[in-house]
Amino acid sequence: MSQDNYKETGDDMPQEDNSKPDAAQEQQPEEETASESGEKVDSGKAATGLEESSGKTEKANAARKDPKDEKIEELQERLVRQMAEFDNFRKRTEKEKSSMYEIGARDIIEKILPVLDNFERGLSAVPEEEKGSSFAEGIEMIYKQLWKMLEDAGVEAIEAEGQPFDPNLHNAVMHIDDDSFGENVISQELQKGYKYRGTVVRHSMVQVAN
């Protein structure tokens with residue numbers, strides 16, 4: 001019906017429904033979806049955070065040692081140090097003991113050497129006709145016994161006559177010109193020198209040819 005016909009009949013003209021869906025209502029499902037998605041993301045992050053926190057706690061617990069284990073390790077380290085110190089002390093004591101023994105032995109040998117010199121002088125002064133006597137033979141036996149004792153203890157005589165002069169072994173108190181000897185060669189030994197275990201106890205007193 002036309003607009004005029006509605007007027008004649010007096011009926012109200014139907015109103016057009018110009019209403020449109022509310023934009024807020026249309027967007028609501030999206031917002032709800034976004035909200036649901038956001039909750040899911042937040043839940044995932046929370047779960048990851050809990051796992052990381054749990055892992056850190058486990059590491060912290062692993063790093064934290066039992067006080068008993070720490071005490072055992074401390075005692076073990078102390079024991080190792082004390083054993084090392086004791087071993088060093090033992091070696092040092094043995095070295096000092098050996099050094100003291102050698103010093104004491106050298107001192108005794110130095111005191112015995114003049115006695116050995118006197119035996120040698122006495123034997124060299126025995127007349128030729130008395131060398132076979134029981135007295136001379138007895139003196140010689142005592143001399144050999146004394147020398148054997150010193151030799152067993154590590155004493156040795158220093159070679160001198162006919163050897164090149166060595167200031168570490170010999171003490172030159174005289175010099176002569178003698179063509180029968182080479183230059184700086186010992187021509188005569190005036191007093192024997194001795195070494196104890198490779199160390200000079202007394203230098204040989206010698207005469208050196210120029």
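This one's a predicted model, so the numbers in the text were calculated from it and none came from an experiment.
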So for atom CD, which belongs to Glu129, do other residues, nucleotides or ligands contribute more than 12 heavy atoms lying within a distance under 6.0 Å?
yes

Taken to the nearest 0.5 Å, the spacing of Lys71 NZ from Asp66 CG works out to 13.5 Å

So, does Ser98 use its side chain to make a donor-acceptor pair with the main chain of Lys95 at under 3.5 Å?
no

Nearest heavy-atom approach of Ala136 to Glu130 is CB-O, 3.4 Å

With a 4.5 Å cut-off on side-chain heavy-atom distances among I, L, V, M, F, W and Y, is there a chain of contacts connecting Ile139 to Tyr143?
yes

Is there a path of hydrophobic side-chain contacts, each under 4.5 Å between heavy atoms, that joins Val173 and Ile186?
no

Rounding to 0.5 Å, atoms CD (Glu73) and CD (Glu77) come to a distance of 7.0 Å

Path from Met174 to Met205 over hydrophobic side-chain contacts below 4.5 Å:
yes

Rounded to the nearest 0.5 Å, what separates atom OG in Ser134 from atom CE in Met141?
11.5 Å

Only pairs under 3.5 Å count here: list side-chain donor-acceptor contacts from residues 153-163, not counting sequence neighbours, and write none if there are none.
none

Let me have the donor-acceptor pairs involving side chains of residues 83-91, under 3.5 Å, with sequence neighbours excluded, atom names and distances please.
from	atom 1	to	atom 2	distance (Å)
Asp87	OD1	Arg90	NH2	2.6
Asp87	OD2	Lys91	NZ	3.4
Asn88	ND2	Ala84	O	3.3
Arg90	NH1	Glu94	OE2	3.4

Would a hydrophobic clustering, with Ile, Leu, Val, Met, Phe, Trp and Tyr connected at side-chain separations under 4.5 Å, put Leu190 with Tyr194?
no

Quick one: pull up NE2 in His203 and NZ in Lys195 and give me the separation to the nearest 0.5 Å.
10.5 Å

When you group the ILVMFWY residues by side-chain heavy-atom contacts below 4.5 Å and let the links chain together, are Val185 and Leu169 in the same group?
no

If you compare all heavy atoms of Ala172 against all heavy atoms of Val208, which two are closest, and at what distance to 0.1 Å?
CB-CG2, 3.7 Å

Taking atom NE2 of His175 and atom CZ of Phe165, what is their separation to the nearest 0.5 Å?
7.0 Å

With a cut-off of 3.5 Å and sequence neighbours excluded, list every side-chain donor-acceptor pair involving residues 103-117.
from	atom 1	to	atom 2	distance (Å)
Arg106	NH1	Val200	O	3.3
Asp117	OD1	Arg202	NH2	3.1
Asp117	OD2	Arg202	NH1	2.7
Asp117	OD2	Arg202	NH2	3.2

How many angstroms lie between CG in Leu146 and CD in Glu151, if you round to the nearest 0.5 Å?
11.5 Å

